[in-house]
Amino acid sequence: MKKYQQKSLFAGLVGFLVCIFGVVIMAILAGQRLNYQIQADAALLINHVEAVDTEREKLLSALNALNYTQCDDTTLLAMRRALFDATYLIDIGFFKNDKLVCTAGNGLLATPLNDKAPDYIERDGVRVRFAPAFSLILFPERIMQAIIVRQHNYNAIIQPAKIDLHSVRAKNWQVFFKTKQTINHLTGVEGLYEKISSSMVLPYESLVVCSQVTPNYCVAVFSPWREYISQKSMLFLICLALCVLAGLSAGLLASYYMATKRSTWRRVRRGLYHQSFYWTYQPIIDLQTQQVIGCEVLARFKDKFGELAPDEFIPLIRKHQQTWVFTQAMVTTILNELSEASQLPDGFKVSLNIFPYDVQQGKLSELIQMPGLLASRFSICLEITEDEYLDSNIAHGHLQSLADAGFTLSIDDFGTGYSNLANLQNLSFHQLKIDRTFVQDIATAGLKASMIPYIMELVSKLGYTCVAEGIETQEQEAILKIAGVQFGQGWKYGKPMPIKQFKQFMSSKEKS
Ligand SMILES: Nc1nc2c(ncn2[C@@H]2O[C@H](COP(=O)(O)O[C@H]3[C@@H](O)[C@H](n4cnc5c(=O)[nH]c(N)nc54)O[C@@H]3COP(=O)(O)O)[C@@H](O)[C@H]2O)c(=O)[nH]1
């Protein structure tokens with residue numbers, strides 16, 4: 001996989017993860033809200049259960065305390081009075097010898113009724129039975145769900161429908177009586193507790209709570225996600241869109257970050273301190289003898305992201321004023337590399353490119369002090385391109401000191417942009433380098449090529465030597481020779497090469 005594909009994949013992954021993270025956070029927050037709602041429902045149901053139980057306990061205990069042994073008007077009056085105060089109880093019955101003999105609603109029964117077996121027996125012998133289809137003796141035609149609770153001599157008919165459930169938002173809930181062995185349904189959705197306990201339910205959508213007062217009475221509430229989402233579909237859609245947006249922004253940010261990390265200047269700046277620069281050597285030859293008399297040192301850059309051309313990094317180094325750091329690194333490296341190059345003869349000309357800004361700043365005087373540079377067995381030539389920095393008296397003074405110290409000074413890229421003839425006369429140059437655009441123009445016999453003889457006139461008038469750069473063909477060489485150019489540089493003789501290759505190149509030249 002290519003680097004840029006890896007980066008895009010990384011940015012995509014970051015975006016995806018942020019989106020997923022957003023969705024998870026959204027799901028947790030929504031889940032908490034859903035759970036909060038379910039908890040409120042459960043609390044409401046438990047409150048009712050406790051209220052029903054308390055009411056039944058209070059009323060039936062009071063009746064039992066009267067110790068009536070038979071059902072007469074007094075007993076019935078007491079039962080009716082109790083019922084009058086009740087909220088959840090709809091009838092009360094009186095038992096004698098375990099037979100129902102009268103009810104508050106109906107009065108004395110013609111035939112006493114046997115009590116049915118309870119579903120479970122509560123503490124203190126309270127017997128409870130759930131009747132899914134029950135009718136009071138008073139209203140035999142009205143079928144309803146009822147819970148029948150028998151406490152000693154009295155029973156109470158509780159109608160769950162009496163419980164006010166308007167505030168319960170969940171559609172699925174169940175009230176049940178739970179022992180270690182059994183689950184007794186009382187009201188709501190029968191079997192819900194078993195369903196919640198046994199089948200897979202999603203987080204937050206269900207809850208089982210038991211009463212603190214009567215711990216066997218419990219409620220199960222189930223509010224499925226799909227219902228909750230469909231209730232708040234608009235809100236969910238907006239949140240989802242925000243998550244996708246956050247993912248996209250994060251992806252874009254990641255790719256922007258990667259791009260800036262890869263930005264040329266960041267790479268160059270890092271490269272200055274992490275040895276991403278290396279230097280190559282391009283031969284300079286004597287056009288008459290074809291002997292290699294010197295070389296130009298040219299910088300190259302390579303890091304984990306790939307190579308950068310000098311035309312990319314040189315302007316940045318200049319812009320960010322890192323020119324002197326760069327030149328120091330170059331001089332240190334090439335002195336090191338050339339010290340072991342026994343193939344190079346004494347006096348071999350080594351041309352270094354120098355930034356005019358450093359000339360102006362007086363930095364180049366440090367070159368004079370640099371151990372091993374002037375003292376080396378090579379002739380060091382400083383190539384300087386003309387620009388606005390070379391126009392000051394300060395620059396002139398610094399160049400003079402360099403020339404006095406023993407450096408050869410070459411005016412580089414002559415004929416491009418900023419050439420100022422006054423500089424040629426006043427500054428202490430020794431050499432002029434004809435820019436390769438003039439040489440390339442020879443093939444088409446263009447205007448620039450026609451100027452070469454005039455440049456050579458100037459060169460001889462000033463007493464300079466001349467190097468033509470960018471020679472690629474025999475024809476260019478022949479014309480330059482006729483024009484009187486002494487030295488040449490270009491792909492015809494050799495491309496810029498790393499030191500190892502340059503040493504091999506020089507050895508092969510020595511042999512031939
Ligand atoms: N201050 C410094 N400047 C430097 C340094 N290293 C390079 N540079 C400057 O960058 C510019 C571009 O350099 P580069 O891409 O290396 O191009 C040089 C040669 O490779 C190229 N060349 C040489 N022969 C031929 C040829 O036959 N054909 C062809 N198309 N190109 C050729 O010409 C450039 C020569 O550079 P220069 O003599 O300096 O003009 C360039 O301006 C460099 O100066 C550095 O270490 N410091």
Side-chain angles (χ1 to χ4, degrees), residues 264 268 271-272 275-285 287 292 294-302 307-335 337-338 349-361 363-364 367 380-387 389-390 408-419 431-443 448 465-477 480 485 487-499 501-502 505:
T264 315
V268 169
L272 281 173
Q275 281 76 46
S276 302
F277 286 97
Y278 64 98
W279 280 268
T280 57
Y281 302 82
Q282 187 176 30
I284 298 173
I285 62 122
L287 291 178
V292 182
C295 65
E296 182 180 358
V297 177
L298 292 160
R300 295 290 178 265
F301 177 98
K302 189 171 183 191
E307 294 186 13
L308 287 177
D311 289 340
E312 291 176 274
F313 61 75
I314 293 289
L316 287 174
I317 289 172
R318 205 178 287 144
K319 183 177 161 197
H320 294 276
Q321 300 186 345
Q322 294 296 309
T323 50
W324 186 236
V325 177
F326 178 79
T327 301
Q328 278 176 309
M330 169 181 74
V331 173
T332 312
T333 308
I334 62 122
L335 276 179
E337 289 181 347
L338 292 177
K349 191 168 175 176
V350 177
S351 295
L352 308 177
N353 285 288
I354 296 299
F355 293 97
Y357 176 74
D358 290 335
V359 178
Q360 171 72 17
Q361 296 297 306
K363 290 285 183 193
L364 293 192
L367 285 181
I380 306 295
C381 172
L382 305 179
E383 292 191 10
I384 304 159
T385 311
E386 283 184 289
D387 73 7
Y389 292 117
L390 284 193
T408 304
L409 302 184
S410 174
I411 193 134
D412 201 5
D413 300 333
F414 183 76
T416 59
Y418 207 85
S419 296
Q431 177 181 287
L432 181 148
K433 224 170 168 183
I434 301 175
D435 187 64
R436 68 170 183 272
T437 50
F438 286 79
V439 178
Q440 278 158 359
D441 218 25
I442 289 173
K448 277 191 164 180
T465 55
C466 178
V467 182
E469 70 183 9
I471 304 174
E472 292 178 8
T473 65
Q474 190 66 46
E475 184 202 2
Q476 289 166 339
E477 186 196 79
L480 289 166
V485 178
F487 304 107
Q489 178 185 344
W491 294 352
K492 181 174 186 299
Y493 315 107
K495 287 193 172 177
M497 48 197 123
I499 186 67
Q501 214 180 317
F502 185 60
F505 171 84

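Order of listing sets the numbers, starting from 1, for every ligand and every atom in it.
- Near Pro496, meaning under 4.0 Å from one of its heavy atoms, ligand 1 places the atoms 20 (O).
- Under a 4.0 Å criterion applied to the non-hydrogen atoms of Trp279, ligand 1 contributes the atoms 46 (O).
- Inspection of the Ser410 and Gln431 side chains reveals an N or O donor paired with an N or O acceptor under 3.5 Å.
- Protein heavy atoms are found inside the 4.0 Å sphere centred on atom 2 (C) of ligand 1.
- Atom numbering of ligand 1 starts at 1 in the shown order; those under 4.0 Å from a heavy atom of Pro310 are 10 (O), 12 (C), 13 (O), 14 (P), 15 (O), 16 (O).
- The protein atom (non-hydrogen) at minimum distance from atom 32 (C) of ligand 1 is Trp491 NE1, 3.5 Å.
- Of all protein heavy atoms, the one closest to atom 45 (C) of ligand 1 is Phe326 CE2, 3.7 Å.
- In the model, Glu477 has a side-chain atom that pairs as donor or acceptor with a side-chain atom of Tyr493 under 3.5 Å.
- Proximity to Phe355 (heavy-atom distance under 4.0 Å) selects the following atoms of ligand 1: 1 (N).
- Looking only at heavy atoms of the protein, atom 35 (C) of ligand 1 is closest to Glu469 OE1, 3.8 Å.
- Regarding atom 6 (N) of ligand 1, its nearest protein heavy-atom neighbour is Ala299 N, 2.8 Å.
- Counting heavy atoms under 4.0 Å from ligand 1, residue Leu298 touches it through both backbone and side chain.
- Close approach to Met330 involves these atoms of ligand 1, each under 4.0 Å from a residue heavy atom: 46 (O).
- Nearest non-hydrogen protein atom to atom 16 (O) of ligand 1 is Arg300 NH1, 2.9 Å.
- A tilted orientation is assigned to the rings of Phe313 and Phe326, their planes being inclined by 30° to 60°.
- Gln282 NE2, 2.9 Å is the protein heavy atom nearest to atom 24 (N) of ligand 1.
- When each atom of ligand 1 is checked for a heavy atom of Asp311 under 4.0 Å away, the hits are 11 (C), 12 (C).
- A donor-acceptor contact closer than 3.5 angstrom is absent between the side chains of Lys492 and Gln476.
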